[in-house]
J.: 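Got a structure here, written out as structure tokens. Questions coming.
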Amino acid sequence: MSSILELQNLKKYFATQKAVDDISLTVDRGQIFGLLGPNGAGKTTLIRMITGIFYPDEGNIIFDGKKFDPINDTIGIGYMPEERGLYKKMKIGEQALYLAQLKGLSHKEALEKIKKWFIKFEMESWWNKKVEDLSKGMGQKLQFVTTVLHEPKLVILDEPFSGLDPVNSNLIKDEIFRMAQNGTTVIFSTHRMEQVEEICNHIVLVNKGQKILDGSVAQVKQDFKENLFSIGAENIPEQNGLAPFEMIRNKESNYVVRIKEGHKPNDVLTYLIQQGISVHSFNEILPSLNEIFIRLVEGTPTARQFQTI
Amino acid sequence: MKKIWLIIKREYLTRIKKKTFIISTLLFPVLYALLIFGSGYMASKGGRKLTIGVIDSSGYFTSDKLDSENRKDSSSVLVSVNMQPDSVKNNMEKLNIDGYIVIPVQNDWKNGFHLRFKTEKTLGVEATMPASNKLNNIWNEVKNEKLGVSDSIRQQMDASKVSIAAININDENASSEIAALIGFISAFVIYLILLIYGSQVMMGVVEEKTNRIAEVMVSSVKPFQLMLGKIIGIGLVAITQFFLWIALIFIVYNITNAAGQSSDSMSQMVGQVQKVFTSINIPMIIFFFVFYFLGGFFFYSSLFAAIGSSINEDMREAQSLSFPVQMPLIFSMIMISAVMHDPSGPVAFWGSIIPFTSPVVMMVRIPFGIPGAVPWWQIGLSMALLVGGFVFTTWFAGKIYRTGILMYGKKPSWKEMIKWAFRRN
């Protein structure tokens, strides 16, 4: 059993929107899974069904090999929603303790784990402070700790880095990597494609309630590549139709070319060498996820329109 | 269940530890006492002390007689004035009087007097009452003299009177005065607690919403558990505060007693309360009080919770949305006096059957006696309907709550909220 979560034909319709319209996907154990999509694509609704906040209208959720049971399985899930919040007037230590106990930890267990995490994140002095005394970034750290404290099998993070400085971002990023290494699955929802590229190994792109892309980051990039290469060379003269590539642009001694249909990168190199041009670099240009995202989602109105069902 | 318990504990402890709780617990009895004594004081001293000039042409109301009446009652002063009415009218300020009465010559004493109190102020019946009493006292003496009634005969006449006291055949111990007092106090306390703590529930839900913690919470617990935990937790705070008030009253009473100030009006009032607690069927009253208190609390606070969940950050919405929920509570408060006058009449009956008003109205009726004022079947029906009522409102509110708590943006209409309640899931 390698998949921790399997969604089968999940549907959730609201009065004016097909928020989630027949989405199926599989998340493997230990994966860092990117759930991407423009605003209003249905990501939050999808996550709320996975966390048991909403019930799907149709379809099944298989969690850890069994049918998802919202009451007993929530201990296996840690969820940090995009709309974050804590009880402002509560002391930080008590707050963490309360949330951990609600997840099912005993008082003693919770206390031990909180202390460990507070030391790790250098938050020991915060214990008796109130949440309202914290800055946004500090609150974010606390929220992250309360999300992962009970060592869930599945951690769902919705925009976890918003409002964090680079140092704290890295702290949490490292923690995400460490958790994944220990077998925890992380579902990571964001619009920030450079973070997805850096962190995720598998992505799903959702738009208008439907899944439009599903694959590993490397695979997706391969699928969307346009046979573009960047060549660093002395001087490539204007090409005639015989060359196995066409020039896209050049800037100083850096050329971007597209390899013609039916040719291979080696053909380009052979051609250049035959021309007596000295090549000092030759790299494939893969599209960034950002470009792929924009290409796929382009044409979708920026705000999702209401529809009748 | 364990999760509900955790929520109850948090709701309870965070509120109990707040400074405002401690202050309000200590301050409320003081304010309440002030209110009672203040209104009592105003009732007794509120009527102004009038100085009235008496221009007597009849010869019956002499200066001596007026003075002796003034000594008996100082709430007004009658002064004999030997001047013409017209000049008195122009010299009232100089004479230091608020007005004057002209007593004409009366040839036939049997006709009595119809007098006018002439003043520059607009006064009611109560203001002239002390003066009229005094003149009547003097006049009675005059009449007694004329009729040859001696003091001893008059005393005998005053002593023998007809009086009526209502006694309930089924429960001869039930005094309707004490019953009315207890009924009023319990109903008022329930009303107050439902209103104060109902809005606390609402504010608590709004707080969760504006702090955006609601989504974190409902990923660990079911929204219904969260709502119920909050309601029970705050209910316990209300009970705690109530018992602290009772305890405080008894402590104050015993301290003032020990200090030998039993004549002090504060301890008198407290003593009255204590007397009341010992003179009637306390276990019964307490049982019903707790029942109607809890029933009413669940009934109303779940509605308040539903309202809270539908409110966005704007507190003005709370005002307008919670008003329809407060209405029946306020209405039941208005019904109290009618119910006290006629504890088994139709107003009392319907008010104590319908769950919107029954927590307050039934508590007014019960001290008048079961089954004298309230037949058993009425109590049974009322209790069953209240239980049914709060099961329904909690269910209904839970449905609205679940949708509302994650809803941000525009203020929902009542129609939408009802739609949430009846949606499949």
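Per chain, numbering begins at 1; letters A, B, ... match sequence-line order.
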J.: Please rank A/Pro81, A/Gly52, A/Gly78 by heavy-atom pairs under 4.5 Å with chain B and give me the top one.
T.: A/Pro81
J.: Ring centres of B/Phe390 and B/Phe298 under 6.0 Å apart?
T.: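 Between B/Phe390 and B/Phe298, the centre distance is under 6.0 Å.
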J.: Taking atom types as modelled, is there a side-chain donor on B/Thr393 or B/Ser302 under 3.5 Å from an acceptor on the other?
T.: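 Present: a donor and an acceptor within the cut-off.
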J.: Taking the six-membered ring for Trp, are B/Phe356 and B/Phe331 ring centroids under 6.0 Å apart?
T.: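 Centroid separation for B/Phe356 and B/Phe331: 6.0 Å or greater.
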J.: Checking B/Val221 against chain A: side chain, backbone, both or neither under 4.5 Å from a heavy atom?
T.: side chain
J.: Counting only heavy atoms closer than 4.5 Å, note whether B/Lys222 contacts chain A via side chain, backbone, both or neither.
T.: side chain
J.: Can a cation-pi geometry be assigned to B/Lys2 and B/Trp5, taking NZ or CZ under 6.0 Å from the six-membered ring centre and within 45° of the ring axis?
T.: no
J.: For A/Tyr87 and B/Glu207, which I'm curious about, is there any donor-acceptor pair between the side chains at under 3.5 Å?
T.: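 No - no donor-acceptor pair under 3.5 Å links their side chains.
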J.: Given that the side chain runs from C-beta out, which part of A/Glu132 has a heavy atom under 4.5 Å from chain B: side chain, backbone, both or neither?
T.: neither
J.: Sort out for me which of A/Thr74, A/Thr146, A/Ile77, A/Leu86 touches chain B most, counting heavy-atom pairs under 4.5 Å.
T.: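 Top option by heavy-atom pairs under 4.5 Å: A/Leu86.
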J.: Please determine, among B/Arg10, B/Lys3, B/Met217, the option with the most heavy-atom pairs under 4.5 Å with chain A.
T.: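 Max contact count across the listed options: B/Arg10.
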J.: Would a distance-only check, ignoring hydrogens and angles, find a side-chain to backbone donor-acceptor pair under 3.5 Å from A/Glu159 to A/His191?
T.: yes
J.: Quick one: what part of A/Met80 sits under 4.5 Å from any heavy atom of chain B, side chain, backbone, both or neither?
T.: neither
J.: Does any heavy atom of chain B fall under 4.5 Å from the side chain of A/Phe54, the backbone, both, or neither of them?
T.: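 Contact with chain B involves the side chain of A/Phe54 alone.
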